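Written below as structure tokens is the structure these notes are about.
What you see is a predicted model, and the numbers here were worked out from it, not measured in a lab.
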Amino acid sequence: MRITQEHLDLRICDVEVNATNTETYREFIQGSEEEFELIPKNLDDMTEKQLNEYIGFLDYLWEK
């Protein structure tokens, strides 16, 4: 599924089938940035492609 700017403040479990994460996409991203000590990105200025790539990168970090 492609995530858009409109999805940032929706809960992940309300958007993705079989998801159990109750955080919003924005909360997930900000929490991940804190956990992995990343410089916070300005999510509202990202393109849809950049946003999806960044979420994919963060998912990858959590899987390690």
(request) Under the side chain to side chain donor-acceptor pair (under 3.5 Å) rule, collect the residues that match up with Glu48, sequence neighbours excluded. (result) none
(message) Would you say that Leu43 contacts Leu8 through its side chain, given a criterion of any heavy-atom pair below 4.5 Å between the two side chains?
(response) yes
(message) Taking side chain to side chain contact (heavy atoms under 4.5 Å, CB included) as the definition, give me every residue that meets it alongside Thr47, ordered by chain and number, with sequence neighbours left out.
(response) Lys49, Gln50
(message) Set out, in order, the CA-CA distance, both residues' side-chain angles and the distance that settles side chain to side chain contact (heavy atoms under 4.5 Å, CB included) for Gln5 and Tyr25, then state yes or no.
(response) CA-CA 10 Å; Gln5 295 295 334; Tyr25 286 95; over 6 Å; no
(message) Under a 3.5 Å distance rule, please check whether Asn52 uses its side chain to pair with a backbone N or O of Arg2 as donor and acceptor.
(response) no
(request) Output all residues satisfying salt bridge (charged side-chain N to carboxylate O under 4.0 Å, His left out) with Glu23, sequence neighbours left out; order by chain, then residue number. (result) none
(request) Can you sort out the partners of Asn42 under side chain to side chain contact (heavy atoms under 4.5 Å, CB included), two or more places apart, ordered by chain and number? (result) Asp44, Asp45
(message) To the closest 0.5 Å, what do you measure between CZ (Arg11) and CG (Asp9)?
(response) 13.0 Å
(request) For residues Thr22 and Cys13, determine if any side-chain heavy atom of one lies less than 4.5 Å from a side-chain heavy atom of the other. (result) yes
(request) Answer yes or no: is there a side-chain heavy-atom contact under 4.5 Å between Ile29 and Leu51? (result) yes
(request) Nearest 0.5 Å please: distance from the CD atom of Gln30 over to the OG1 atom of Thr24. (result) 7.5 Å
(request) Could you tell me which residues satisfy side chain to side chain donor-acceptor pair (under 3.5 Å) with Glu6, sequence neighbours excluded, listed by chain and number? (result) Thr4
Under 3.5 Å, side-chain donor or acceptor atoms of residues 54-62 against the rest of the protein: list the pairs with distances, not counting sequence neighbours.
| residue | atom | partner | partner atom | Å |
| --- | --- | --- | --- | --- |
| Tyr54 | OH | Glu33 | OE2 | 2.8 |
| Trp62 | NE1 | Ser32 | OG | 2.7 |

